[in-house]
Amino acid sequence: MPKSLLRTDKEIAEIYQRHVQAVYRLCFAYMKNPADAEDAVSDTFYRMIKSGPVFDSEKHEEAWLMRTAGNLCKNNLKHWWRRNENWEDHAHLRDNADAGTDSTLEAVMALPDKYKAVVYLFYYARYSGEEIAAILRKPQSTVRSHLREARSILKRKLGGEFDA
Amino acid sequence: MHDIKTSWDKVNPDAAAEHRMLNEAMSRARAAGKGGNLMLTRKKYFRTALIAAALVCVLAVSVFAAVKLLTPVEVAEWLDPEIAKAFRSSEAMLINEAQTTGDYEITLLGIAPAQNFSRLMVIADGKPITHDADRVFAVFAVRRTDGTALPADLQGIPRFHAWPLIEGVDPAKHAFESGGGIGSVQNGVMYYLIDCFELYPFADRQVFISVAEASDRMIEPYSFDEVTGKFVPNPAHKGLRALFELPLDQSRADPARAAELLKQAAANS
């Protein structure tokens with residue numbers, strides 16, 4: 001694959017189309033509303049265009065985008081005005097995302113931030129623990145314990161019907 | 001049965017959002033690469049924060065008539081007590097400058113410098129990106145001129161964005177860390193508390209905050225004039241807008257720090 005500085009608009013658009021939904025969902029999990037998720041997504045792709053990482057494969061491409069998106073979201077969430085927010089505050093924006101009042105999604109959104117990327121990559125994107133560790137550059141043991149703790153929270157919130 | 005995958009399938013950007021996100025990323029990259037001849041964005045945090053913040057903590061709406069605007073201290077108080085402390089300090093300024101745009105009145109209620117905000121320090125990538133000496137807080141009120149209250153769910157009212165502008169600094173070529181903001185409706189009035197990370201070093205120049213209606217096409221409400229270094233209303237922006245000059249204490253200007261911030265911002269753009 002070419003280095004991004006040499007990528008044409010068409011190539012950038014192709015990468016974008018391949019991954020925008022996955023990146024958007026991860027950003028939504030962190031930011032909890034479409035407006036902030038959109039900003040995080042465009043920021044992620046801007047970083048990709050500007051910094052020009054070389055990708056070995058589409059998997060590598062996706063891993064880079066996921067890690068960058070997660071880091072950008074976590075940075076944004078450290079700001080004091082974010083700490084004052086919670087999921088319930090965004091009922092109106094949440095509905096705009098067509099997410100409705102899905103209790104599972106609400107429970108995932110309410111998870112502590114450190115679990116969100118792991119949960120998303122494992123349960124939605126269907127990565128293995130080893131792959132997630134590589135994507136997020138975390139030890140496998142950390143990924144495993146985050147998954148275990150997140151699963152326990154979700155089970156507590158959603159009851160015995162939680163389908164891991 | 002709860003299934004995370006099925007739930008997450010419902011979270012999708014619509015086609016317009018997909019187009020917008022790609023367009024913004026590519027336009028920013030082009031602007032950075034070609035010296036900023038495209039009119040785009042350095043104010044992500046502000047824009048982001050206000051869109052989100054507009055939905056925060058919507059309180060009961062009552063009849064607007066004769067509603068007295070809250071003071072900056074009162075606004076800050078229910079958002080963060082530490083910021084309220086800043087607005088009580090001797091360096092805080094009450095301003096109460098109102099501008100009318102369309103059917104709305106926007107009032108800059110006051111500004112205050114940050115002080116000993118260790119708890120409110122913003123850290124990104126392991127490094128602090130806020131410094132008390134640089135940081136300014138501003139409180140705005142937005143209400144309708146006909147006296148009707150803003151609705152509790154904010155349906156049908158414009159989304160306002162706010163961001164700082166500095167005389168002589170082309171925003172298309174400088175991406176500051178910026179800041180953020182939070183807002184709430186109380187008694188039919190929307191209040192915004194804006195956190196500007198990097199303004200005091202520029203206190204020897206004219207420094208503004210633009211408050212304007214969001215545009216899906218990312219049209220800037222004010223254009224930078226490269227010859228004069230001033231900002232002028234952009235005729236392409238058809239929405240509501242107001243520009244407030246901040247009366248910053250000039251003794252807090254720090255040209256060396258300003259030069260450092262400009263260098264960083266140029267590299268980030």
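Quick note on labels: first sequence line is chain A, next is B, and so on, each numbered from 1. Please read these numbers as outputs of a predicted model, since none were measured by experiment.
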Non-hydrogen atoms of chain B under 4.5 Å away: do they reach the side chain of A:Tyr16, the backbone, both or neither? side chain
Distance col, row B:Glu18:CD vs A:Ser42:OG, nearest 0.5 angstrom, shows 13.0 Å
Looking at CG of A:Asp39 and CZ of B:Arg20, how far apart are the two atoms once the value is rounded to the nearest 0.5 Å? 9.5 Å
Exceeds 12 heavy-atom contacts within 6.0 angstrom, atom CD of A:Gln140: yes
Is there a side-chain contact between A:Gln21 and B:Val11 in this structure, where contact means two heavy atoms from C-beta onward sitting under 4.5 Å apart? no
Please examine the side chains of B:Leu22 and A:Phe45, heavy atoms only from C-beta on, and report whether any two atoms are closer than 4.5 Å. no
What part of A:Ala13 gets closer than 4.5 Å to chain B, counting heavy atoms only: side chain, backbone, both or neither? both
